[in-house]
Amino acid sequence: MSNMINGAEALIKSLICEGVDLVFGYPGGAIIPVYDKLYDYTSQLKHILVRHEQGATHAAQGYARATGKTGVVIVTSGPAATNVITGLSDALMDSTPLVVITGQVASSLLGSDAFQETDVVGIVHPVTKWAVQIRRAEDIPAAVARAFYIANNGRPGPVVLDIAKDAQVGMVDWHHEVCDYIRSYLPVPEINDADISEAARLLNHAERPMILSGHGVMIAEAEKELQMLAEKADIPVAATLLGLSTMPSDHPLYKGMLGMHGNIGPNYNTNRADVILAIGMRFDDRVTGRLDAYAPDAKIIHIDIDSSEFNKNVRAALTVHADAKQALEALLPKINQTRRTDWLDSFTPCEEVEMEKVIKPEVHPEEGLMKMGEVVDRVSRAFHDRAIGVTDVGQNQMFGSRYFRYTEPRSLLTSGGLGTMGFGLPAAIGAKMGCPDRQVVLFVGDGGFQMTIQELGTILEYGTAVKIVLLNNNFLGNVRQWQQLFFNGRFSQTPMINPDFVAIAAAYGIPAENVDDRSQLDAAIDRMVKSDTAYMLNVNIDPTDMIFPMIPLGAAVDEMIINANEKFELSN
């Protein structure tokens with residue numbers, strides 16, 4: 001039976017068949033046929049009109065990271081397509097599944113420098129898992145099915161479908177295409193039993209093992225298996241930035257965050273461990289510090305679904321090419337039940353120094369201007385550590401990552417690999433739309449907020465109840481910190497003259513208030529938490545506040561500084 005429809009409608013129906021019920025986008029000339037057909041499917045496919053195409057990609061990322069589903073974006077050609085490049089790059093580095101659909105000029109005009117024509121596939125090729133241009137309506141259903149399969153299988157990532165305008169208006173005898181196999185693409189490798197047995201042998205004979213939990217644990221939904229393994233073998237767990245919330249922050253075996261601004265204990269003991277089990281992580285330079293001084297005494301077991309990460313930065317004693325959940329399920333029965341009291345106790349002196357020298361002065365300052373850490377801590381407590389925290393990039397990101405606490409997976413969303421200022425606001429909107437029953441709170445700096453501030457219009461239009469904590473120090477704070485520590489306090493182009501953020505929020509119909517003094521903070525947070533709508537606190541932060549501990553560039557992971565004048569040392 002013939003089911004002749006145009007390519008635009010075939011695209012919409014294919015998206016619905018893939019389980020998509022929410023898309024983010026912005027219309028334009030080369031994608032109008034799709035938007036015209038979208039008009040007929042509003043009961044099945046909700047479209048979120050963002051205020052900038054970059055905002056669409058970050059909102060789709062927030063949606064994907066909070067839900068585990070594939071985020072979908074629809075934009076037009078030319079500048080719209082180039083505006084999604086940042087989001088694509090961010091999604092590729094952070095393994096976030098996106099399907100981005102761009103309009104394109106008619107195929108007869110390709111290569112003629114037609115109005116709003118760009119070589120989209122050529123431009124996005126380095127920052128996508130797959131990109132294809134579609135010139136015929138009959139190719140749309142199969143391309144959509146293939147796009148979703150690639151985006152969300154194996155190591156997730158972004159895919160681009162660039163659809164010429166004549167493909168959108170051409171006719172196709174539509175039927176739903178299913179893609180569950182692509183020749184030469186094996187997204188989930190078969191586990192090698194010998195590798196699992198060797199990993200178990202190394203862990204069972206270890207005296208000072210550590211687990212490093214990365215984003216791959218979250219992607220594989222292996223949080224339960226991670227916790228079971230750690231508890232069975234009494235192994236301390238630390239998380240990468242993107243691995244945060246793979247273990248509850250109050251779990252006794254969870255020792256904190258790794259990396260440049262991570263916790264002292266896991267960084268210090270990385271260089272004292274004898275076996276390190278690294279799961280779904282890529283040994284980023286912000287985690288390893290100086291490579292030739294990283295984990296010198298440890299045999300490293302590296303589990304990852306992407307074999308290109310093996311031995312790229314850090315040499316492993318054993319690589320396990322596998323899905324994290326499947327690998328941990330296979331490993332669990334082979335692990336001995338044991339207790340490692342002395343090894344776990346070795347974290348305590350580090351924690352005591354960090355509490356006394358870093359956390360107490362930051363979270364419980366006795367006087368002076370407000371600190372970012374104390375604000376994040378109080379907000380987290382007010383939400384009973386059950387909200388989804390989203391950060392932008394900069395000091396707000398590091399303070400948010402250190403002091404926001406969580407009890408559930410997928411509770412800390414941030415831009416890791418690319419470090420995209422402007423990520424936070426649209427990502428928080430996407431996270432809230434994906435998880436409407438959870439509170440979503442954004443920690444953002446005054447610099448990053450202004451990069452995508454127009455997305456307050458999206459909140460206005462859809463009533464998205466995102467809570468915004470603007471940590472305002474009138475500086476590009478992270479750059480200022482580096483200038484203070486390493487460039488003799490020469491604050492070149494980092495001070496900022498800011499607008500009246502509360503007035504701007506009011507213009508978008510968002511309740512907001514200035515918090516200028518510590519005495520106002522708790523009451524303001526309480527009003528924000530109790531609000532049923534979006535709410536913004538513009539919190540006046542000490543401009544000299546700096547994020548510590550810190551591993552300076554070129555230093556080893558155990559060569560941390562704990563304030564501007566003091567290196568970390570353990571007294572004997």
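- Defined by atom type and a distance below 3.5 Å, a donor-acceptor pair is missing between the side-chain atoms of S411 and R386.
- Using a 4.5 Å cut-off on side-chain heavy atoms (C-beta onward), K299 and L318 make no contact.
- At a threshold of 4.0 Å, the pair D377-R405 counts as salt-bridged, since one of the basic side-chain nitrogens sits closer than that to a carboxylate oxygen.
- Contact check on R402 versus E354 returns a salt bridge, with a Lys/Arg side-chain nitrogen under 4.0 Å from an Asp/Glu carboxylate oxygen.
- Between K530 and D526 a salt bridge is recorded (basic side-chain N to carboxylate O distance below 4.0 Å).
- Ion pairing between K371 and E374 fails under the 4.0 Å rule for side-chain N and carboxylate O.
- For the pair P156/T96, no side-chain contact is recorded, criterion being any heavy-atom separation below 4.5 Å from C-beta on.
- For the pair R282 and D284, the salt-bridge criterion is met [side-chain N within less than 4.0 Å of a carboxylate O].
- Among T270, D297, I301, the one residue that satisfies the side-chain contact (heavy atoms from CB on, under 4.5 Å) test with I276 is T270.
- Residues N563 and E566 have side chains that bring a donor and an acceptor to within less than 3.5 angstrom of each other.
- Ring centroids of F501 and F449 are separated by less than 6.0 Å, placing the two rings close together.
- For the 3.5 Å distance criterion, the side chains of T494 and Q483 qualify, holding a donor opposite an acceptor.
- Taking the ring centre of Y294 as origin, the terminal cationic atom of R290 falls outside the region bounded by 6.0 Å and 45° from the ring axis.
- The pair K325-E221 fails the salt-bridge criterion, with no side-chain N (NZ, NE, NH1 or NH2) lying under 4.0 Å from an Asp/Glu carboxylate O.
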Problem - S415/D90 under side chain to side chain donor-acceptor pair (under 3.5 Å): CA gap, chis, key distance, verdict - result: CA-CA 7 Å; S415 170; D90 196 294; 2.5 Å; yes

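- Between the side chains of E223 and Q227, not a single donor N or O lies within less than 3.5 Å of an accepting N or O.
- In the model, H58 has no side-chain atom that pairs as donor or acceptor with a side-chain atom of E455 under 3.5 Å.
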Practice task
Mind running ring pair (Phe, Tyr, Trp, His ring centres under 6.0 Å) on H302 and F283 for me, showing each step along the way?
Solution key: CA-CA 10 Å; H302 191 180; F283 289 104; 5.1 Å; yes

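- Side-chain contact, N514 with N538: a donor N or O sits under 3.5 Å from an acceptor N or O.
- No cation-pi contact links K467 to Y535, judged by a cut-off of 6.0 Å to the six-membered ring centre and 45° from its axis.
- The pair D522-R378 meets the salt-bridge criterion, with a side-chain N (NZ, NE, NH1 or NH2) lying under 4.0 Å from an Asp/Glu carboxylate O.
- Residue R527 places its CZ atom among more than 12 non-hydrogen atoms of other residues, nucleotides or ligands, all under 6.0 Å distant.
- Looking at R518 and E367, no side-chain N of the basic residue comes within less than 4.0 Å of a carboxylate O on the acidic one, giving no salt bridge.
- Under the 3.5 Å distance criterion, with hydrogens and angles disregarded, a donor-acceptor pair is assigned to the side chains of T544 and D542.
- Between the side chains of T414 and T391, at least one donor N or O lies within less than 3.5 Å of an accepting N or O.
- Classification of the F404-Y406 ring pair by plane angle, with boundaries at 30° and 60°, yields tilted.
- At least one side-chain heavy atom of N498 sits under 4.5 Å from a side-chain heavy atom of N472.
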